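All residue numbers in this chain count up from 1 along the given sequence. Small disclaimer: the values here were computed from a predicted structure and weren't measured. Order of listing sets the numbers, starting from 1, for every ligand and every atom in it.
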Amino acid sequence: MQRKPGENTRAVHLPDPPQPVERAVGQAVWRSATFEFDDAQSYADVLGDRRRGYSYSRIDNPTVDAFAAGVAALEGANLDHEVRGQAFASGMAAITGALMALTRQGAHVVASNALYGGTYSLLNGLLARFGVETDFVDITDLDQVRSAMRPTTAVVYAETLANPTMVVADLPELAEIAHDAGARLVVDSTFASPVVCRPLEHGADLVIHSATKYIGGHSDVTGGVVAGRQELVDTIRAVRVDTGGSLAPDDAFLLRRGLETLPLRVRRQNATAMVYAATIARHAGVTRVDYPGLTEHPGHDVARRLFDSGPEGTRFGAIVTVTPEGGYDAGMRFADGLGLVKVAASLGGTHTMVSHVASTTHRQLDETQLKAAGIDPGAVRISVGLEDAEDLIADTLRSLDQI
Ligand SMILES: *Cc1c(COP(=O)(O)O)cnc(C)c1O
């Protein structure tokens, strides 16, 4: 007689749910660390990359793949070649994966001197320890970029829109310089999102996002993603598999859901930012507003050329840097005086958020370094959210009046 399984066995070996014939409209979450095979040979073939399939979720997971494929579809929408994506647990994991895949001991990187702090630290600290040397240059000065190139240069690294000055990288020119020297152009396009700019269309070899920002869009998930041609993205996958910065399935679900409303959210945020920037720039207590949609912004012409989709007035992103008169203390008072706008790290979410630049994102820079970077100690970065423009403007004008 067959033994009746005990209660623990019965609990672990529950009946399998039926596989529905109908397709789910919402993305299914494959919250499983591991996948069962029909036989031992299939397991060996998938693990040995001889057959496509899922074995273990650090390596690949269907929900995570669905998210990465979604980003690749948006970034590659207008290209005539296939674009692939690789998702990561954070933007920094994605940047680390891309840079480790493209460099080796003795390699050289030419990077913007206005980088996200974590990326600067990665290049200047960790990768330098492993024998990768970086020259930091003014990425808008193409002669400076050209003269920094060496025979060993493997990567030119830029950000589409730089924090907090919203300087715009001239991607086609940078791609030409990189490719003439046999290097790759890697672009962190977090501040732009694929709605504002798709760097692969302008010659970049890889585009990277901190998906924590616009793609997730609700300040409730951390993630990163890289997109580009399959050969290149496969080498990045290999780094991810070895270093383990893989995205969790639940987070991939949230990020993929974010993609469905990304154009709606970003166009609206951009439209609000445009009106906001133009209005705040007219306040007598404001010495400067950095927003590429304003004709006086030094990056305006490049932005017009690269940010070429969507209705006029919705093309230039939603980060506005406001510099009130009065230096460091005035910047702090301005940030504190805002009521509707949250004092918080990060950007790209539904809530409008403010960071006083000199005391937060650029706290490592002293006054001379801030000046060299073109940043006033009073500068305050506003990530424009989805509130009504009139409310944000009223809140901001009230705070400016009180400084
Ligand atoms: C936030 C951010 C990152 C890092 O992303 P995480 O998801 O926080 O790891 C990289 N680049 C830019 C431009 C960012 O804004």
R398 side chain reached by L338 side chain, heavy atoms, under 4.5 Å:
no
When you compare ligand 1 with G91, is there at least one nitrogen or oxygen pair between them that comes in under 3.5 angstrom?
yes
Among protein heavy atoms, which sits nearest to atom 9 (O) of ligand 1, and what does the distance come to when rounded to 0.1 Å?
M92 N, 2.8 Å
Within the structure provided, determine whether R265 and H218 are in side-chain contact (heavy-atom separation under 4.5 Å).
yes
Going by atom types alone, do H283 and D401 pair a side-chain donor with an acceptor below 3.5 Å?
yes
What are the atoms of ligand 1, with element, lying closer than 4.0 Å to any heavy atom of G223?
7 (O)
Parallel, tilted or perpendicular, as decided by the 30° and 60° cut-offs, for the rings of Y43 and F37:
parallel
Short list, please: which atoms of ligand 1 are under 4.0 Å from a heavy atom of T212?
7 (O)
Distance under 4.0 Å to a non-hydrogen atom of F191: what atoms of ligand 1 satisfy this?
13 (C), 15 (O)
S210 N/O under 3.5 Å from ligand 1 N/O
yes
Decide whether H356 and D336 meet the rule of one side-chain donor and one side-chain acceptor closer than 3.5 Å.
no
Does either side chain, that of T153 or that of H108, offer a donor lying less than 3.5 Å from an acceptor on the other one?
yes
Considering non-hydrogen atoms of the protein only, which is the closest contact for atom 4 (C) of ligand 1, and what is the distance?
Y116 CE2, 3.4 Å
R240 and S246: side chain donor to acceptor below 3.5 Å:
yes
Got an N/O contact under 3.5 Å between T222 and ligand 1?
no
With a 6.0 Å cut-off on the ring centroids, do H300 and F316 count as close?
yes
Within the 4.0 Å heavy-atom shell around D188, which atoms of ligand 1 are there?
10 (C), 11 (N), 12 (C), 13 (C)
With nothing but distance in play, are any N or O atoms of E159 less than 3.5 Å from an N or O of ligand 1?
no
Indicate, as side chain, backbone, both or neither, the part of I95 found under 4.0 angstrom from ligand 1 when only non-hydrogen atoms are considered.
side chain
The protein heavy atom nearest to atom 14 (C) of ligand 1 is K213 NZ, 3.0 Å
